[in-house]
Amino acid sequence: MKLYAILSQCKTSYKLINTQDMSIIGITCNSKKVRNKYIFSCIKGNNYCGTSFIKDFIEQKKVIILTNNSTRGMEHLDDEIKKTIPIILTNNIRKLTNEILNIIYPSSLAETIAITGTNGKTSVADYTRQIWHKNNFNCFSFGTLGIFQNNKCIGETNLTTFDSETIFKSLRRITKMGGERLIIEASSIGIDQNRIYPIKFNKIGITNLTHDHLDYHKTFRNYKNAKAKLFRYFSCKSTTAVLNADDRHFKFFKKICIDKNICFLDYGYNAAFLKIINIDIKKKNIFLTLKIKEQEFKIVFEKISIFDIYNRLCAIIFVYGDLLDKSKFSVLRKLVSPPGRLEKVYDKTFTIYIDYAHTPDALEKTLESLKKIRKNNIISLIGCGGDRDYEKRPLMTKVALKFSSLVIIADDNPRNEDPQKIRNDMIYKLNKNDKRKIKNVGDRKKAIKQGIEILQKNDIFVIFGKGHEKFQLIKDKKIPFSDSETVLKIIEGL
């Protein structure tokens, strides 16, 4: 496709320097992926700007450079190259890059959904895809667990919301695979950085909103407004929103929907569409009473958490929308929890779970649910990631202490921080009684081993923070480590 034909379809303003109407076959922001007839987008990262790498390929490749008007990166090039190299200048490089990606890698799906929220995004995305699959759709999900087609992982990623290049190339890929339905996990950072721009989703939703990512957003207000962008800028007149009516910020998102004339469907005790009448917890089962379209009915679940009920309700509304009726709900009992989401890895003399919860709210909901279902002692292993939200560290420990007979502090993904400092932040200003319930271990394998050795008959051990992950991030290294595999190896050796 010719350059000028591509740019004529873009809404973001730009300026051309030294350009000719050459054929374009791709666009990338990774200098190692640059090929002839490519556009190289110089997006600025945390440590480097793409303009720093132009000199590595420009003499060998016939490439057009896309860069910000305000960037100083062009100083890396000598004056002769500046006079001859084709350049596109813009005031919004991310948006223009995405518009070009969307044109070069076109896609066509019957339905696309985006789910945001502090906790539960992965579960909702996974359950939505499972229900679609049971209805014989060729369906996909993008998110923390990777790229899934039906019930099979076909691609891995390190981000909840992929970088723009991965998103649009993956959309093109699944279109070629005959994809019909897609759900994307939309993180606050991914939304804020316009990674999903300019997609207009058929359905959008939010699970809940609590403390997270303040290292990036700085204030909770900024965090909430980043989530709100999904509703304000990535919806259209035909979009349907799905809202948790029991979340404290429900009215905020409801107002956005009303202001934008977006149809919304809610769920929860306070909902108008799908109303929870009662949740009755017995020894082995949860009895759920629901009401929809003036019809009241019951569902019985075996040993799932209350917050997981909310995730399943959100997913079934995503699939059926306002066509949902009580005949559709039997599928909820057939769903399988996603890997690392209160995943039971051992259940004989005692029970061991792994769970991805890494926010105070997610931690509290998980432990509270376990406490209601089982009255036995709970031992919790917790940690916090490095180079991330510092304020939540002591909050995590306080929540764990509230529900646990013992709390083991272990390293999570310390990244470039001192692991001991992270652990010290987590136990800062604890009183003497609380400190007696703390074991500050550090080494994750040793911490898991100590937790298992302490367990008595019918006790529960929950290992929080990493869930499905198969690695630890320590400085600049990605070290193989699996909580579930570690548990099974330790038990095998006892």
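Pairs of residues two or more places apart, or lying in two chains, that qualify as ring-ring contact (aromatic ring centres under 6.0 Å, His included) and include a residue from residues 270-324 are F297-F329. Within the structure, ring-ring contact (aromatic ring centres under 6.0 Å, His included) pairs that include any residue of residues 445-474 comprise Y356-H468 (at least two apart or interchain).
Between atom OG1 of residue T207 and atom CG of residue L313 there is a gap of 13.0 Å, rounded to the nearest 0.5 Å. Taking CH2 of W132 as the start and CD of E111 as the end, the distance is 5.5 Å to the nearest 0.5 Å. Going from atom CD1 of I352 over to atom CD1 of I491 covers 3.5 Å, rounded to the nearest 0.5 Å. For the atom pair OG1 (T116) and CG (N208), the distance works out to 9.5 Å, reported to the nearest 0.5 Å. Rounding to the nearest 0.5 Å gives a distance of 7.5 Å between CZ of R195 and OG of S164. Summarising the geometry, atom CG belonging to L342 is positioned 5.0 Å from atom CG belonging to D355; distances are rounded to the nearest 0.5 Å.
What you find for G117 and I206 is that their closest heavy atoms are CA-CG1, 3.8 Å. Scanning both residues, K392 and T359, for their nearest heavy atoms gives NZ-CG2, 4.4 Å. Listed here is the closest heavy atom pair of G268 and D246: CA-OD2, 3.2 Å. In this structure, N98 and I196 approach most closely via the heavy-atom pair ND2-N, 4.3 Å. Taking all atoms of both residues into account, the shortest heavy-atom contact from N270 to D266 is O-OD2, 4.5 Å. The shortest heavy-atom contact between K344 and T351 is CG-CG2, 4.0 Å.
You'll find the side chain of L370 stays beyond 4.5 Å of the side chain of F403, heavy atoms only. Counting heavy atoms from C-beta on, the side chains of R388 and R415 come closer than 4.5 Å. In this structure the side chain of I474 reaches within 4.5 angstrom of the side chain of P414, judged on heavy atoms. I438 has its side chain out of reach of M426: every pair of non-hydrogen atoms, C-beta onward, lies at least 4.5 Å apart. The closest side-chain heavy-atom distance from D425 to K421 is below 4.5 Å. In this structure the side chain of Y105 never reaches within 4.5 angstrom of the side chain of T175, judged on heavy atoms. Side-chain contact between I448 and R444: present, with at least one pair of heavy atoms (C-beta onward) separated by less than 4.5 Å. Using a 4.5 Å heavy-atom cutoff, the side chains of L182 and I113 are not in contact.
The environment of K254 atom NZ is sparse: at most 12 non-hydrogen atoms of other residues, nucleotides or ligands sit within 6.0 angstrom. Counting non-hydrogen atoms of other residues, nucleotides and ligands closer than 6.0 Å to NZ of K293 gives a total above 12. Taking a 6.0 Å sphere around NZ of K200, one finds it holds more than 12 heavy atoms contributed by other residues, nucleotides or ligands. By the 6.0 Å contact criterion, NZ on K398 is open, its count of non-hydrogen atoms from other residues, nucleotides or ligands being 12 or less. Heavy-atom contacts from other residues, nucleotides or ligands closer than 6.0 Å to CD of E302 number 12 or fewer. Atom NZ of K169 has more than 12 heavy atoms from other residues, nucleotides or ligands within 6.0 Å. Atom NZ of K227 has more than 12 neighbouring heavy atoms from other residues, nucleotides or ligands inside a 6.0 Å radius.
Side-chain atoms of R341 come within 3.5 Å of backbone atoms of P339 as a donor-acceptor pair (strictly under, hydrogens ignored). A donor-acceptor distance shorter than 3.5 angstrom exists from the side chain of D459 to the backbone of Q456, with no hydrogens or angles considered. Without hydrogens or angle criteria, N285 side chain to V300 main chain gives no donor-acceptor distance under 3.5 Å.
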Residues H133, F148; criterion ring-ring contact (aromatic ring centres under 6.0 Å, His included); working and verdict: CA-CA 11 Å; H133 183 48; F148 269 74; over 10 Å; no
From CA spacing to verdict: side-chain hydrogen bond (donor to acceptor under 3.5 Å, both in side chains), D163, T166: CA-CA 5 Å; D163 64 88; T166 301; 2.7 Å; yes
Residue pair V336, N151: steps toward the side-chain contact (heavy atoms from CB on, under 4.5 Å) verdict: CA-CA 10 Å; V336 179; N151 286 332; over 6 Å; no
Derivation and outcome, side-chain contact (heavy atoms from CB on, under 4.5 Å), residues E343 and I354: CA-CA 5 Å; E343 180 182 352; I354 60 170; 3.6 Å; yes
Chi angles and distances behind the side-chain contact (heavy atoms from CB on, under 4.5 Å) call for L274, L265: CA-CA 8 Å; L274 177 55; L265 305 173; over 6 Å; no
Candidate pair S380 and S404, rule side-chain hydrogen bond (donor to acceptor under 3.5 Å, both in side chains), full reasoning: CA-CA 6 Å; S380 297; S404 311; 2.7 Å; yes
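Between the side chains of T28 and E165, at least one donor-acceptor pair of N or O atoms lies under 3.5 Å. In summary, the side chains of Y233 and N194 do not present any donor paired with an acceptor at a separation below 3.5 Å, with no hydrogens or angles considered. A donor and an acceptor atom, one from each side chain of T219 and N222, are located under 3.5 Å apart. Side-chain contact of K298 with T289: a donor-acceptor pair under 3.5 Å is present, judged by distance alone. Residues D325 and S327 bring a donor and an acceptor atom of their side chains to less than 3.5 Å of each other.
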Tell me which donor-acceptor pairs under 3.5 Å the side chains of residues 138-145 have, and how far apart each pair is, sequence neighbours excluded?
{"residue": "N138", "atom": "OD1", "partner": "Q149", "partner atom": "NE2", "Å": "3.0"}
{"residue": "N138", "atom": "ND2", "partner": "M177", "partner atom": "O", "Å": "3.0"}
{"residue": "N138", "atom": "ND2", "partner": "G178", "partner atom": "O", "Å": "3.0"}
{"residue": "S141", "atom": "OG", "partner": "R129", "partner atom": "NH1", "Å": "2.8"}
{"residue": "T144", "atom": "OG1", "partner": "T122", "partner atom": "OG1", "Å": "3.3"}
{"residue": "T144", "atom": "OG1", "partner": "T160", "partner atom": "OG1", "Å": "3.2"}
{"residue": "T144", "atom": "OG1", "partner": "E185", "partner atom": "OE1", "Å": "3.1"}

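A side chain to side chain donor-acceptor pair (under 3.5 Å) with R423 holds for exactly one of D418, D411, T397; it is D411.
Using bins of under 30°, 30° to 60° and over 60° for the plane-to-plane angle, the ring pair H217/Y223 lands in the tilted bin. Taking the six-membered ring where the residue is Trp, F253 and F231 present tilted rings, their angle falling between 30° and 60°.
Classification of K439 and E453 as a salt-bridged pair fails, no side-chain N sitting under 4.0 Å from a carboxylate O.
Annotation: cation-pi pair K466/F481 absent, no NZ/CZ under 6.0 Å from the ring centroid and within 45° of its normal.
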